[in-house]
Amino acid sequence: MTETEGKFDFAIDRGGTFTDVFARLPDGRERVLKLLSHDPQNYKDAPTEGIRRVLEEETGQAFPREQPVETSLIGWIRMGTTVATNALLERQGERIALLVTKGFKDLLHIGTQARPKLFDLEVAVPDVLYEEVIEVDERVVLRQDGCQLPRKEPNTGDSLEVWRELDMQRVEDDLRGVLSRGIHSLAVLLLHSYTWSAHEKAVGSLARRLGFTQVSLSSEVMPMVRAVPRGYTVCADAYLTPKIRQYLKGFTSGFRGGLEVSPVLFMQSDGGLTPMEQFCGSRAVLSGPAGGVVGYAITSYSQIENKPVIGFDMGGTSTDVSRYAGHYEHVFEATTAGVTLQAPQLDINTVAAGGGSRLFFRSGMFVVGPESAGAHPGPSCYRKGGPLTVTDANLALGRLLPSFFPRIFGPGEDEPLSSEETMEHFQQLTREINHFLSTNQSQSSANGSAHSNNSRVMSGKSEMSMEEVAMGFIRVANEAMCRPIRALTQAKGHDTSQHVLACFGGAGGQHACAIAQALGMKTVFIHKYSGVLSAYGLALADVVEEVQEPCSLQYNPRSFSELDHRVEQLTQRCTETLRDRCFSSSQITTEVFLHLRYEKTDCALMVTATGYPGNSRSCKSGDFRSAFTKRYLQEFGFTIPDRPIMVDDIRVRGSGKSGIKSSHKSSQARFPYSTSQSNCYFEDGYLDTSVYLWEELPCDHNIPGPAIIIDKNSTILVEPSCVAHLTEGGDVCIAVGSDPHCLLGIELNTVQLSIFSHRFMSIAEQMGRVLQRTSISTNIKERLDFSCAVFGPDGGLVSNAPHIPVHLGAMQETVQYQIKSIGSTIKEGDVILSNHPCAGGSHLPDLTVITPVFRRGVSGPVFFVASRGHHADIGGITPGSMPPHSTSLQQEGAVFTSFKLVTAGVFQEEAVTEALMAPAQYPDCSGTRNLHDNLSDLRAQVAANQRGSTLVGELIDSYGLAVVQAYMGYIQTNAELAVRDMLKEFARCQRQQTGSLEVEAEDFMDDGTPIRLRVQINKNEGSAVFDFTGTGTEVWGNCNAPRAITFSALIYCLRCMVGQDIPLNQGCLTPIKVIIPSGSILQPSQNAAVVGGNVLTSQRVVDVIFRAFEVCAASQGCMNNVTFGNEGSGYYETVAGGAGAGPGWTGRSGVHSHMTNTRITDPEILEKRYPVVLEHFSLRPGSGGAGEYRGGDGVIRKLLFRNKVVLSVLTERRSTRPYGLHGGGCGASGLNQLHRADGRVLNLGAKTTVSLEPGDMFCLYTPGGGGYGEDKQTAGDGRLLKKRRRLNDNFSERGSVFEYRMAQEGV
């Protein structure tokens, strides 16, 4: 494929609102055009209209709209489109059926079983894409030693067994039934088809013969292990591909001859182009934004001394952030619109902050987004009655100039931007903010020292100007966009400040300088086509062909010959495909990737050997071991030299070089002159700001800030401390100066309150990234079962991220215990280790590492940082330290109360080793069974704390200790205010309905132990007393819950009831007094067993609190802990159940609730690594409670064991049932059954350990959720709760940063 000469070439990005067109003309000139994507009164299709306009204007010939466009003048067309994305977001795809292995009809409904939003009681999850399910009675399992069934040889190195063959006649009957109901698109997902696809291919052939117009096979769409994401991907392919074909048919019909002569290429999610005929749904979701990544990667990276680049694409609803450092960064599993796609995708991180993000003032804090005004009604300045947004804030500050915008606003779309409406709305918001400030200041004076924190926080500025309010929202929005950039870079061991910020998109230029300053970046690069960079990127991109196949080989000399052979085959396939597309050998390049991981880990890296040539100790295609270990060291901080390296997949990416070369404009000598002057507001107040037209600027002249540079599609703000200049290519390059405005007093500044909230949370997040990178165990590195937090000098929680429910508030108790018990002996260089329940511990495997932060000239710690991680084993009577039948703390593992893990900077390895092995002194107990991982993870926790200590120190260096500690208190008070407001509103409603300010509730454990709660509310103060008097005594067993567990459950419940995003810190509990009787199950004696209290009793505490406040019906009230193992392996899981219904919503089925959110192991991974076959995993029909809103159903999970194992179960709600509310029925109780190989069926009870033989099957039936309301009962006051819980419905985040947070919250 060669560049066309004498013809028009077009690159078009069809977005949701605008379509951008880049055209290269026959004489080499370039044109850009922007038009509405939907304008049915004037044209049918925007890309066709864009091509027509360019041809008509440049040739002078008429190209009537009603006639097909003449194609003889067209060289090629390249397109990116949001057709697939929009169909997925709006659920407007094709009607499809899913054909799946019998026993797994609900597999994709259950998914990972984790809820997407931790505090969303409704558990609002997008619907599955399929309309019907066909279960096929077939089964293929991976072969394991000891099985003697006939053997098949798949193409991965695994061997397998066909346990049940396909019944083709039954399949045909079922498919005909689906066709008769008007469904013509089929997705096929059979277990282990990634490695042996014969059954899927047979079904596919039959379906096509019967008349299905779209048949997507998971083994063809993406042959990678893990059934759930592969299932989502094949469903997306079947759902979206017909819509894409429908669009393509309409598009090509607008051209004479249907574009058969002119090549048409479409951008895929991986950043490569593919022919129109090959464009499919599963590879199309990021088609639009991918062009922008290619655009900035090629234009920015090559021009800025090869420094790594951060792409910053700020649009109306959201902002896309990505990174480029000489190669595209791909992810192979990412979630878009609630659908996890297993396909190569550029790592584009989307966050809820754009020009249309709405502005709020809540409980004394400035909040930006995630809600967006959208295109309709749009921002307030659009004259359509919209709300205040970031765009309005820029307009109010003089940073957007209405005179340079087209007159396309208002109901008739013929008016200019409205400064008047923006100013009116801002004046109203400013009055509300000032009223809040003055009211709370007067209340503070009246209260005196009654609430010391409250007094301090309200002693700040009592009035703000409108400009200060608008500027405050801009700064908060900037900080919100900085956090994902920090996370994206630091997660992989990169220094954020050593990057260039490449800005594009319509809104980004107004914020780029400020964001670069905040991140320490020195350069902002804005391409001349930044307003249409996605379209320009299409013109620069290559045609890509990728092939991939699974593998299960060790990377060692014995497998090199097979790896080389398979790489050669895949490379040949790639090359032949590209040659068929008219590329010459000189235009084709290929790159080989191996998907590598250390044995017995899940952290696989897709590794290229570029820069690592093959040698005598490697494959011919490169030294992948060296490439893998170097990248692993960079991303995770260590390697595992003695561990075998496994090859999961082989991938070859072929590229056909076809992108255009960017044209340059010659330098001009004249001096730049401004078009006009504007009065813009900055930190120093209003400043005279020069306004320049980009197209009139000469090259190589400096433009000092403040200045505004305007072109047709974007506005660039050059901040006062920055200097811009135009490159020879016509691009804007800005040298970013440091921000001089760090001076801040200790009095409250409500803008800084929001910014400091982000900063403290960012410290905790970065600590977590270090811990995840440097840890070694599966629990911490891969399951992300940890929390990191920052605490004040009194041990009060300041920020906790990410949020694991059972850790919320619990670490605060641990830190405060250390201050009380050994505070005077804590020195700089000391680090404390603790896990004892009496010291704020949850259960013994959760080890908390605490580091004091000292400051020169201050005698004691000024802050504390801490990390809590779940260690897989710390000794005790059973492997995993989670015994179902423990009766004393010593049986559950090693105990640490106030252990000096580091003394004067020296890690106490010998002492901690002795302590970890100490449980062996007790009868039937062992010391830790994995000392190496314990020590490595403890060092990682120390390193994470050290990072937190350094970041706290840097914050103090910037603002001063007094300021940082003052804002620590302000943030805690902000959370306090939110909880007080919620309690006041509840008290008002409760008084109206019942005349009482007291509520109470009671529920029971399976052994009959009551948990009782009485809540007394002070409606004036917004405070409450939570009194658990009457709760049952400590129990003989391990369901005793340490005091910290009750506090964690209480913070979780308060956050759910507040219904909006608030800082989770000590302030949440300031209005609350908690009374827990000593010696009860909620405050047991020092040596009581507690492992069940952490995972079971915590759920019952939540049930009781929600019952008292009548928030919703009970969820399953259990985590369904299942452990099995033998001398060769061990496995632990928690299993989903039904969620409780509430006012206005039915309970979600098959999901984790409340104090856990653990993801479950994929069926194919489970069967690959453990001696078990998952026979059945589906919903449990009818187990949810009846009512106007039904409770969610539990699940049925059946595990067939292939070898001898010891099984342990630790469960609840086996004799009691989850309650319904307001007339709703109770959910069904759970059941644990054992089906012996000899035919006996046994009820195992709620808690037991049992030895199993091969052929035994464990059947788990989890509880359902309670129902809400009698039939036809209205939702009443609950509608407010429903509205609050769906705040984020209009926005869908994505990218590796989002996936990390979801994984962390899924623990």
Legend entry - SB check Glu549 Arg566 (cutoff 4.0 Å): yes

Inset, instruction - Using the salt bridge (charged side-chain N to carboxylate O under 4.0 Å, His left out) rule, collect all pairs that involve residues 227-244, keeping only residues at least two apart or in two chains. - result: Arg230-Glu1164

Inset, instruction - Can you run down the salt bridge (charged side-chain N to carboxylate O under 4.0 Å, His left out) pairs that involve residues 169-180, sequence neighbours left out, and say none if there aren't any? - result: Arg170-Asp174, Glu172-Arg176

Inset, instruction - Look at Asp648 together with Arg597 and state whether they make a salt bridge at an N to O cut-off of under 4.0 Å. - result: yes

Legend entry - Carboxylate-amine/guanidinium proximity below 4.0 Å for Arg1180 and Asp1193: no

Inset, instruction - Before accepting this row, confirm whether a basic side-chain N of the pair Glu333/Arg226 lies closer than 4.0 Å to the acidic partner's carboxylate O. - result: yes

Inset, instruction - Check side-chain hydrogen bond (donor to acceptor under 3.5 Å, both in side chains) between Thr82 and all other residues, then give those that pass, not counting sequence neighbours. - result: Asn86

Legend entry - Sole residue of Tyr1132, Phe1258, Tyr1131 in ring-ring contact (aromatic ring centres under 6.0 Å, His included) with Phe1124: Tyr1131

Legend entry - Residues forming a side-chain hydrogen bond (donor to acceptor under 3.5 Å, both in side chains) with Glu220, sequence neighbours excluded: none

Inset, instruction - Quick one: closest heavy-atom pair of Val547 and Leu570, and the distance? - result: CG2-O, 3.5 Å

Quiz: residues 1170-1179 side-chain donor-acceptor pairs under 3.5 angstrom, not counting sequence neighbours:
unit_1, atom_1, unit_2, atom_2, d
His1176, NE2, Ser1178, OG, 2.6

Legend entry - Carboxylate-amine/guanidinium proximity below 4.0 Å for Lys105 and Glu135: no

Inset, instruction - Take the angle between the ring planes of Trp196 and His199 and call it parallel below 30°, perpendicular above 60°, tilted in between. - result: perpendicular

Legend entry - Partners meeting side-chain contact (heavy atoms from CB on, under 4.5 Å) with Arg653 (sequence neighbours left out): Asp270, His330, Val544, Glu546, Phe593, Arg651

Legend entry - NZ/NE/NH1/NH2 to OD/OE distance under 4.0 Å, Glu161 and Arg1202: yes

